[in-house]
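Following: one structure in structure tokens, then a few remarks.
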Amino acid sequence: MTTVRIPAGWPATEEQARAVQDELRARVVLDEPGPAPGTGYITGVDVAYDDERDVVAAAAVVLDAASLEVVAEATAVGRVSFPYVPGLLAFREIPTVLAALDALSRPPGLVVCDGYGLAHPRRFGLASHLGVLTGLPVIGVAKNPFTFTYDEPGTRRGSSSPLLAGEEEVGRALRTRDDVKPVFVSVGHRATLDNACAHVLALTPAYRLPETTRRADSLCRRALQEATSQEAASPEATTRHSPTSR
DNA sequence: GCGACAG
DNA sequence: ATCTTGTCGC
């Protein structure tokens, strides 16, 4: 497990954060198809918080796309780098997520994160931001439609309908299980929406949410537990470097 | 101005 | 996201 600090120059205000989004948005690549579904490796990333203790834990779990077996995983712990503000989620998650990705023993391949990419007030959600900073193909899978609208897709797994910002299709409501609430898929970086949806279906053989996010979710929760129980036992140990790491 | 709003 | 036990249903 690696420890992260908030990067120097990290936005401190909402205004600064929005300015960063407006600048980085130009670097998003949307004309690449992305990796073929069912091949190579796919990495799920997720984050858990303890706002009381100001601690955040991130996990990255690499799955073999064909077998969905875990082939690598890593975690990172840090301080919360931004409050939760709708539209600025990335500033809360990215430093720790980047550290977890860096700690992986093999290349991540396609990254699947919680939340949105293009489906964002300024078309630059977490998945896009993560993609631009890493250069990796990234897609976003969210559990809620955020501020967007959609018509209910068909009741069977695989049915989908456009996720709309007015007339613009910014993502898709995708049914991953019969008669269960859809997930909301959007492109982050270097992938197409059709391809992203195909990946999500390949990642959901049994549950509503992709195996990538399920694995990453449970791992980051465990990492947070371990980090905060350590803090409770010896508060000073967390603020200095551990004996083994230095 | 008011309410809604990924995680 | 997080607070949180049992419980309805396949």
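Chain A is the first sequence line, chain B the second, and so forth, proteins listed ahead of strands; every chain is numbered from 1.
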For [X] and [N], is the shortest distance between a side-chain N/O and OP1 or OP2 below 4.0 Å?
| X | N | answer |
| --- | --- | --- |
| A/Arg221 | C/dA1 | yes |
| A/Lys143 | B/dG7 | yes |
| A/Asn144 | B/dG7 | yes |
| A/Tyr49 | C/dT2 | no |

Nearest whole Å is fine: how far is [N] [atom2] from [X] [atom1]?
| X | N | atom1 | atom2 | answer |
| --- | --- | --- | --- | --- |
| A/Asp217 | C/dT2 | CG | C1' | 12 Å |
| A/Arg53 | C/dT2 | CZ | C1' | 14 Å |
| A/Asp179 | C/dC10 | CG | C1' | 13 Å |
| A/Phe184 | B/dC5 | CZ | P | 12 Å |
| A/Phe146 | B/dG7 | CZ | C1' | 10 Å |
| A/Asp46 | B/dG7 | CG | P | 9 Å |
| A/Arg92 | C/dT2 | CZ | P | 10 Å |
| A/Asp50 | B/dG7 | CG | C1' | 15 Å |

Counting the atoms with a prime plus P, OP1 and OP2 as sugar-phosphate, which does [X] contact under 4.0 Å by heavy atoms, base, sugar-phosphate, or nothing?
| X | result |
| --- | --- |
| A/Leu88 | base |
| A/Gly87 | base |
| A/Ala48 | sugar-phosphate |

Got a second to check how far A/Ile94's CD1 is from A/Thr134's OG1, nearest 0.5 Å?
9.0 Å
Can you tell me how far CG of A/Leu130 sits from CD of A/Glu93, rounded to the nearest 0.5 angstrom?
9.5 Å
Considering only NZ, NE, NH1 and NH2 on the basic side and carboxylate oxygens on the acidic side, decide whether A/Glu15 and A/Arg18 come within less than 4.0 Å.
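No salt bridge links A/Glu15 with A/Arg18.
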Minimum-distance nucleotide to A/Thr147 side chain [options: C/dA1, B/dC5, B/dG7]:
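In terms of side-chain proximity for A/Thr147, the closest of C/dA1, B/dC5, B/dG7 is B/dC5.
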Do we see A/Tyr84 stacking on the base of C/dA1, given a limit of 5.5 Å between centres and 30° between planes?
no
Do A/Leu133 and A/Arg27 have side-chain heavy atoms sitting under 4.5 Å apart?
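The answer is no; the side chains never approach within 4.5 Å.
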Hey, mind stepping through A/Asp46 and A/Arg215 against salt bridge (charged side-chain N to carboxylate O under 4.0 Å, His left out) and telling me if it holds?
CA-CA 9 Å; A/Asp46 195 17; A/Arg215 302 312 263 266; over 6 Å; no
